[in-house]
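Keep in mind that this is a model prediction, so the values were computed, not measured.
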Amino acid sequence: ALNLVSGGTQSIAHLGNLANGDGGGTSGNVTVDAGAIGLLANGDNSHATIGDGSYAAGVTATGAVSVTGTTLDIRSQGEESRAQIGNIANGKVKGAVSVAITGDVVLKSKGDGSVAYIGNSSGTATSGTVSLVSGGAVSLLSTGGIDAAGYSAATRIGNSGSGNVNVTAAGDVTVAAGSGFALIGDAIGGDGAGNVSLVSGGNLVLSTNGADAVAIVGNMGNGSASGAISGNVDITANGTITLTPAGSGAQTLIGNFDAASLLGNVTIKAASLIGNIDPSLSNDLPNGNFTAAFSGNSTLNVEAFSYTSGYTLDVSNGGDILISGALKNSGSGDISLTSGGAFTANAAIKSGGNIALESAGALTVNNAVTAGDAVAMISGGNTIINAAVTAGSGGAGFASGGNIAFNAGVQTSGNGTIAIVAAHDILFGASVQNSGSGGIAVVSGGDVTIGGNSAGGDVFVGSKAGPLTLVADN
């Protein structure tokens with residue numbers, strides 16, 4: 001076992017190279033191979049650290065830090081105390097930080113203004129990849145408050161600057177903050193970049209329990225009016241992702257956050273989602289594509305959400321998808337929704353780009369679907385259109401493994417084709433029209449009915465200037 005304990009006020013327990021403050025800096029690799037590893041900064045302003053370091057002004061610290069063990073416990077309990085694996089200096093800091101633990105990993109900042117970190121820290125700039133592999137659970141717990149100088153307690157796996165961050169845990173991952181922040185990703189004071197990857201063999205929980213607390217997977221700025229942060233965020237959880245913010249102004253977020261300029265794609269894969277992901281969508285979609293794939297068979301309920309983005313929103317669910325509130329993008333970005341069960345749109349779906357709806361079972365549209373470009377609807381079962389479908393120059397496509405019933409109209413413009421293919425019957429109870437030069441192609445494995453007893457008025461199937469092709473097997 002290895003234990004580093006700084007018990008007194010301003011005491012230091014340090015393993016690694018330490019500069020003497022003459023401005024020359026410190027360098028060299030630090031390698032630790034032990035059983036149970038504990039870092040405890042118990043005194044006020046105390047430090048328990050592994051890595052290269054110096055606290056003199058302008059001094060640099062460089063070198064790789066590698067730590068392996070059976071369990072890891074990093075705790076900062078004194079006020080403004082620090083417990084950290086990684087290089088630290090007031091000047092530039094760089095070097096890879098690699099931690100491999102066969103059991104559980106815990107980072108906890110309990111003292112007011114205290115920090116518990118895996119990664120490099122600097123007063124100016126840092127770089128280097130930060131990697132953590134755990135054979136058990138990983139917990140980041142920020143329970144301390146704000147100290148007299150206004151510093152919040154914080155836990156972090158990542159740098160105070162640029163660098164990729166990779167975390168893999170065989171068990172659950174918990175990111176929880178009280179009045180401070182808990183972060184898997186880089187904390188970037190100005191400009192910076194880094195991709196963030198998190199893989200959990202169990203569940204992922206992001207929670208807060210205090211005013212203005214933040215629990216986040218992604219890179220985080222400091223609210224600077226000029227800072228630019230970029231990097232993709234990829235999360236895979238074998239179980240459930242749970243988002244539970246509590247406290248005035250508190251946030252649980254996935255994606256890059258809190259800078260004047262943000263850029264990066266977000267990808268989420270999990271069995272299911274519990275909690276409201278809208279704050280993450282609002283934060284992320286203006287800055288990159290957002291992809292979420294849930295493999296479980298529970299129903300995904302999409303509530304009202306409006307945004308403006310030129311990027312793609314792509315969501316798939318192993319169970320049913322229910323659109324219970326209007327989903328509207330005022331920008332040009334595409335919307336793609338895929339259900340492993342039934343798909344039901346009880347509220348409007350609108351985008352200035354393409355809209356693609358797909359279901360393994362029945363697909364039912366009970367409210368307007370409006371796309372600036374193309375609309376595509378694919379179902380393994382019956383498709384029932386009970387509300388208007390409007391597309392732009394990209395046209396519209398409908399493919400069904402069962403019947404298709406147009407109980408409300410379809411309208412397109414431009415040179416895009418309206419293509420309708422059904423394994424069985426097609427009912428035109430309302431008009432399907434292309435007001436541009438695009439054609440209409442209809443292929444049915446059963447009967448085609450135009451009008452019929454269900455029609456509420458005249459029914460037209462045709463194009464203003466394009467060809468019409470209709471094939472019915474019966």
Side-chain angles (χ1 to χ4, degrees), residues 6 39-49 73-86 88 105-123 126 130 132 138-161 165 167 173-189 192 196 198 204-224 227 229 242-259 275 279-280 283:
S6 55
L39 282 71
L40 175 60
N42 206 34
D44 292 346
N45 293 290
S46 66
H47 289 201
T49 52
D73 194 303
I74 301 175
R75 294 176 186 259
S76 55
Q77 298 191 158
E79 184 173 342
E80 291 190 14
S81 62
R82 175 184 296 267
Q84 179 174 344
I85 295 176
I88 177 173
V105 174
V106 176
L107 291 82
K108 187 173 184 179
S109 55
K110 185 177 180 181
D112 291 348
S114 67
V115 298
Y117 293 159
I118 295 176
N120 298 315
S121 293
S122 169
T126 67
V130 178
L132 169 65
V138 172
S139 300
L140 286 76
L141 310 171
S142 178
T143 62
I146 301 173
D147 65 11
Y151 295 108
S152 299
T155 58
R156 184 185 74 224
I157 301 175
N159 296 316
S160 62
V165 178
V167 176
V173 175
T174 301
V175 183
S179 59
F181 71 85
L183 166 68
I184 295 179
D186 295 326
I188 301 172
V196 179
L198 170 61
L204 170 62
V205 176
L206 276 67
S207 67
T208 59
N209 188 28
D212 299 320
V214 178
I216 179 174
V217 178
N219 300 310
M220 181 176 176
N222 63 358
S224 169
I229 294 176
T242 302
L243 308 174
T244 55
S248 175
Q251 300 187 73
T252 55
L253 294 171
I254 296 171
N256 301 322
F257 172 64
D258 204 18
S280 293
N283 180 74

Donor-acceptor pair between [X] and [Y] side chains, under 3.5 angstrom:
| X | Y | value |
| --- | --- | --- |
| S6 | R82 | no |
| S121 | Q84 | yes |
| S109 | S114 | no |

Tell me the closest heavy-atom pair linking [X] and [Y], and the distance in Å.
| X | Y | answer |
| --- | --- | --- |
| Q77 | S81 | N-OG, 3.4 Å |
| L40 | A48 | O-CB, 3.7 Å |
| I229 | A259 | CD1-CB, 3.7 Å |
| Y117 | L107 | C-CD2, 3.9 Å |
| N42 | S46 | N-OG, 3.5 Å |
| V173 | L198 | CG2-CD1, 4.1 Å |

Decide side-chain contact (heavy atoms from CB on, under 4.5 Å) for R75 and V106; before the verdict, give the C-alpha distance in whole Å, the side-chain angles of both, and the deciding distance to 0.1 Å. CA-CA 8 Å; R75 294 176 186 259; V106 176; 4.2 Å; yes
Can you find a heavy atom in the side chain of [X] that is under 4.5 Å from one in the side chain of [Y]?
| X | Y | answer |
| --- | --- | --- |
| K108 | D73 | no |
| T155 | V115 | no |
| L39 | T49 | no |
| V217 | L206 | yes |
| V214 | D212 | no |

Please walk me through it: do V130 and I118 pass side-chain contact (heavy atoms from CB on, under 4.5 Å)? CA-CA 8 Å; V130 178; I118 295 176; 4.1 Å; yes
Treating [X] as the side-chain partner and [Y] as the backbone partner, does any N or O pair qualify as donor plus acceptor under 3.5 Å?
| X | Y | answer |
| --- | --- | --- |
| T208 | A246 | yes |
| D186 | V165 | no |
| S76 | G111 | no |

So which of I157, V105, V196 actually passes side-chain contact (heavy atoms from CB on, under 4.5 Å) with V167?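 For V167, the side-chain contact (heavy atoms from CB on, under 4.5 Å) check succeeds only for I157.
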Determine, step by step, whether L132 and V138 satisfy the side-chain contact (heavy atoms from CB on, under 4.5 Å) criterion, reporting the C-alpha distance in whole Å, the side-chain angles of both residues, the deciding distance to 0.1 Å, and the verdict. CA-CA 9 Å; L132 169 65; V138 172; 4.1 Å; yes
Nearest 0.5 Å, what's the [atom1]-[atom2] distance between [X] and [Y]?
| X | Y | atom1 | atom2 | answer |
| --- | --- | --- | --- | --- |
| N120 | I85 | CG | CD1 | 11.5 Å |
| I254 | L204 | CD1 | CG | 6.0 Å |
| N159 | T126 | CG | OG1 | 4.0 Å |
| N283 | N256 | CG | CG | 8.0 Å |
| F181 | D258 | CZ | CG | 10.5 Å |
| E80 | D112 | CD | CG | 9.5 Å |

Begin with the C-alpha distance, continue with both residues' side-chain angles, and end with the deciding distance and a verdict on side-chain contact (heavy atoms from CB on, under 4.5 Å) for V175 and I216. CA-CA 7 Å; V175 183; I216 179 174; over 6 Å; no
